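Note sheet for the following structure.
The structure displayed is predicted, hence computed values, not measured ones.
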Number of protein chains: 2
Amino acid sequence: MTTRVLVVDDDAHILRAIRIHLTACGYAVRTAQTGRAALRAGAEEHPDLVLLDLGLPDLDGTAVITELRSWSTVPIIVLSARTDGADKINALDTGADDYLTKPFSMPELLARMRAAVRRSGSPTDRDTVVATLDFSIDLAAKKVTNRTGTQVHLTPTEWAILEILVRDRGALVSQRRLLSEIWGPAYRTETNYLRVYLAQLRRKLEPEPARPRYLITESGMGYRFQD
Amino acid sequence: MTTRVLVVDDDAHILRAIRIHLTACGYAVRTAQTGRAALRAGAEEHPDLVLLDLGLPDLDGTAVITELRSWSTVPIIVLSARTDGADKINALDTGADDYLTKPFSMPELLARMRAAVRRSGSPTDRDTVVATLDFSIDLAAKKVTNRTGTQVHLTPTEWAILEILVRDRGALVSQRRLLSEIWGPAYRTETNYLRVYLAQLRRKLEPEPARPRYLITESGMGYRFQD
DNA sequence: ATGACTCGTTATGAAGGCGTCAAGATCGGT
DNA sequence: ACCGATCTTGACGCCTTCATAACGAGTCAT
């Protein structure tokens, strides 16, 4: 679930510096040095975010924005050495989401990237539906639908547990984390609660509650949601 | 369809200057000089955009952002005299969409406002008419029609609740969000109100008010409009 | 085999949430 | 000032949900 960033700049040094920083912060980085390469990479890889320098050798920066915007709503943050106000306004009105003037501070860029990704993530509601063979879970609508199409009713606690497990689907979630997040840190040792609620969830979701396919127990460690 | 902007700043001069500029550009401007007034105005008027100064007399600016973000996704642009990088990052991570340092150029602010509104605008509006087997709701005309074709009369509060539920039809809407959007953040815990009005809506809309088909209660979490 | 341990399952009293009704309070128009 | 519509507020009984305990099954080391 890493965020994929397309970085476009004609200066190989800057490109390298940004790549190192972003990779260290957990982003998957793809780079392009020309406008055409940027458009190709955008179409091929559908990045979650674009960092765009306006001073490209082949195409005007605003042309890249226009072209991208003709088919995509991916957030675009412009990085530019031009301090001219008209450039800023032009880029923003063409479809850019944000505009930073070089030199900028790396922490600020990272904060603006987080803000841009956060914005683009929620309203579109794409990744919020997790479907299996037997049921599907809509995290945004807080809705679980059966294979027959009927809705499954979950209590607040059941939903809280399922939500954590599904958000980190595939990964092992420790009992401690579940208990701390739902009941509070003081209940870290009440593993009893988890057994009760996991049983209820299995009865409601699993085709064969006695032999769980999705809500897996890792004995002594925690639980895992498996697709 | 003019864009309504809430401008928050403790300095009356700046407030006045911004108001004049924005009004001249076709925005509908509402102002607030304190954090509390801002939160009240936000809940009452549902602005399309918030311009927020961080240096308020009563509340910390980030507290205002947090409170707004607990129930609203309205774009927030922070205007601040603080040039400190940490403030910027903090505000952005709390939920702000953009951050401008004073003094800023008016054209740039306007361009960033256009970008923020553009982003937030379109993805939410779906069909304005929602029809079920028993009634149909016209969100644009604010009208509800019975199966027999007669119009159902709703009070303003009833309509406000129904509108929120129908706009996010299928999704669970938390009690907190309903109360914050309609009565204001201070009424977050008055779940009593919701019970009364949901009962009234059911009596007017449901074929069998005792056994709701459309206005579903999710105990402990919120309400859902089901098609 | 025994005991220690973890897990799944079920049952139950208590607490809190919910629907309902009805009586004041408030507001707006005549 | 009056009246109707609307909103607030409190009280009551029902129902859902929660915490908790008890018990059986499986696993592992001794």
Side-chain angles (χ1 to χ4, degrees), chain A residues 142 144 151-163 165 172-176 178-225, chain B residues 43-44 142 144 151-163 165 172-184 186-225:
Chain A
K142 289 196 192 294
V144 179
Q151 204 166 315
V152 181
H153 177 75
L154 297 185
T155 71
T157 311
E158 286 163 8
W159 179 259
I161 293 174
L162 185 66
E163 185 171 13
L165 292 177
L172 172 76
V173 181
S174 73
Q175 300 175 334
R176 276 185 64 140
L178 287 168
L179 290 165
S180 293
E181 287 206 27
I182 295 166
W183 282 273
Y187 291 77
R188 247 171 312 170
T189 58
E190 299 285 343
T191 58
N192 223 342
Y193 296 3
L194 292 178
R195 285 197 222 102
V196 172
Y197 283 103
L198 261 293
Q200 288 177 5
L201 279 172
R202 285 176 180 137
R203 199 168 345 117
K204 291 182 178 180
L205 298 179
E206 295 273 1
E208 239 180 322
R211 220 159 316 129
R213 259 191 70 186
Y214 303 102
L215 297 160
I216 311 294
T217 301
E218 301 275 351
S219 195
M221 320 208 23
Y223 295 89
R224 176 202 310 279
F225 184 88
Chain B
E44 281 171 9
K142 292 190 189 289
V144 180
Q151 196 169 323
V152 181
H153 174 74
L154 296 185
T155 71
T157 310
E158 285 164 8
W159 176 258
I161 292 174
L162 186 65
E163 183 173 13
L165 292 177
L172 187 141
V173 181
S174 72
Q175 301 170 336
R176 209 189 140 138
R177 186 177 146 209
L178 287 169
L179 290 165
S180 290
E181 288 210 30
I182 295 167
W183 282 274
Y187 291 78
R188 249 172 314 180
T189 57
E190 299 286 341
T191 59
N192 229 342
Y193 296 3
L194 293 178
R195 284 194 233 115
V196 173
Y197 283 102
L198 261 292
Q200 288 176 5
L201 280 171
R202 285 178 180 137
R203 211 174 321 128
K204 291 183 178 180
L205 299 179
E206 295 273 0
E208 239 181 323
R211 219 159 316 128
R213 260 192 69 186
Y214 304 103
L215 297 161
I216 310 294
T217 301
E218 300 274 352
S219 191
M221 302 201 280
Y223 294 89
R224 180 199 308 277
F225 184 88

Distance-only, no hydrogens or angles: does the [X] side chain make a donor-acceptor pair with backbone N or O of [Y] under 3.5 Å?
X: A:Arg188; Y: A:Pro185; result: yes
X: B:Glu190; Y: B:Leu179; result: no
X: B:Arg224; Y: B:Glu218; result: no

Separation of atom [atom1] in [X] from atom [atom2] in [N], rounded to whole Å:
X: B:Ile182; N: D:dT8; atom1: CD1; atom2: P; value: 11 Å
X: B:Arg195; N: C:dG19; atom1: CZ; atom2: C1'; value: 8 Å
X: B:Trp159; N: D:dT6; atom1: CH2; atom2: P; value: 15 Å
X: B:Leu179; N: C:dC18; atom1: CG; atom2: P; value: 11 Å
X: A:Glu208; N: C:dT9; atom1: CD; atom2: P; value: 12 Å
X: A:Leu194; N: D:dC18; atom1: CG; atom2: P; value: 13 Å
X: B:Glu190; N: D:dC7; atom1: CD; atom2: C1'; value: 13 Å

Regarding B:Glu158, tell me which of base, sugar-phosphate or nothing describes its non-hydrogen contacts under 4.0 Å with the strands shown.
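Since no nucleic acid heavy atom lies under 4.0 Å of B:Glu158, the category is nothing.
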Have a look at A:Thr191 and say if it touches a base, only the backbone sugar-phosphate, or nothing, with a 4.0 Å heavy-atom cut-off.
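Answer is nothing: A:Thr191 stays at 4.0 Å or more from every strand.
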Report the C-alpha separation of A:Lys204 and A:Glu158 in whole Å, then their side-chain angles, then the decisive distance to 0.1 Å, and conclude whether the salt bridge (charged side-chain N to carboxylate O under 4.0 Å, His left out) test is met.
CA-CA 10 Å; A:Lys204 291 182 178 180; A:Glu158 286 163 8; 2.8 Å; yes
Please report how far the helix from C:dA1-D:dT30 to C:dT30-D:dA1 bends, comparing the axis fitted to its first five pairs with the axis fitted to its last five, to the nearest 10 degrees.
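One end's axis against the other's: 30°.
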Contacts to DNA chain C from residues 216-224 of chain A, heavy-atom cutoff under 4.0 Å, which residues?
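A:Thr217, A:Ser219, A:Gly220, A:Tyr223, in order of number.
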Of all of residues 197-204 of chain B, which get a heavy atom below 4.0 angstrom from DNA chain C, listed by number?
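Those residues are B:Ala199, B:Arg202.
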Taking the side chain of [X] as heavy atoms from C-beta outward, which of [options] is closest to it?
X: A:Trp183; options: C:dG19, D:dT9, D:dA19; answer: D:dA19
X: A:Pro156; options: D:dT8, D:dA19, D:dT17; answer: D:dT17
X: B:Asn192; options: C:dC7, D:dG10, D:dT8; answer: D:dG10

If we only count heavy atoms from C-beta on, is the [X] to [Y] side-chain gap below 4.5 Å?
X: B:Leu162; Y: B:Leu154; value: yes
X: B:Trp159; Y: B:Val144; value: yes
X: B:Leu201; Y: B:Leu165; value: no

Quiz: residues 207-214 of chain B side-chain donor-acceptor pairs under 3.5 angstrom, not counting sequence neighbours:
| unit_1 | atom_1 | unit_2 | atom_2 | d |
| --- | --- | --- | --- | --- |
| B:Glu208 | OE2 | B:Arg211 | NH1 | 3.4 |
| B:Tyr214 | OH | B:Asp134 | OD2 | 2.5 |

If the cut-off is 4.0 Å, is [X] near the phosphate of [N], judged by side-chain N/O to OP1 or OP2?
X: B:Tyr193; N: D:dT9; result: yes
X: B:His153; N: D:dA5; result: no
X: A:Thr155; N: D:dT16; result: no

Can you check nucleotides 25-30 of chain D for protein contacts, nitrogen or oxygen pairs under 3.5 Å, and list what you find?
none

[X] [atom1] to [Y] [atom2] distance, which is reported to the nearest 0.5 Å:
X: A:Leu205; Y: A:Gln200; atom1: CG; atom2: CD; answer: 11.5 Å
X: A:Met221; Y: A:Leu172; atom1: CE; atom2: CG; answer: 5.0 Å
X: B:Ile161; Y: B:Tyr197; atom1: CD1; atom2: OH; answer: 7.5 Å

Please report the shortest heavy-atom distance between [X] and [Y], naming the atom on each side.
X: A:Pro156; Y: B:Ser219; value: CG-O, 3.4 Å
X: A:Gln175; Y: A:Thr191; value: OE1-CG2, 3.3 Å
X: B:Arg202; Y: B:Leu215; value: NH2-O, 2.8 Å

Who are the ring-ring contact (aromatic ring centres under 6.0 Å, His included) partners of B:Tyr193, not counting sequence neighbours?
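B:Trp183.
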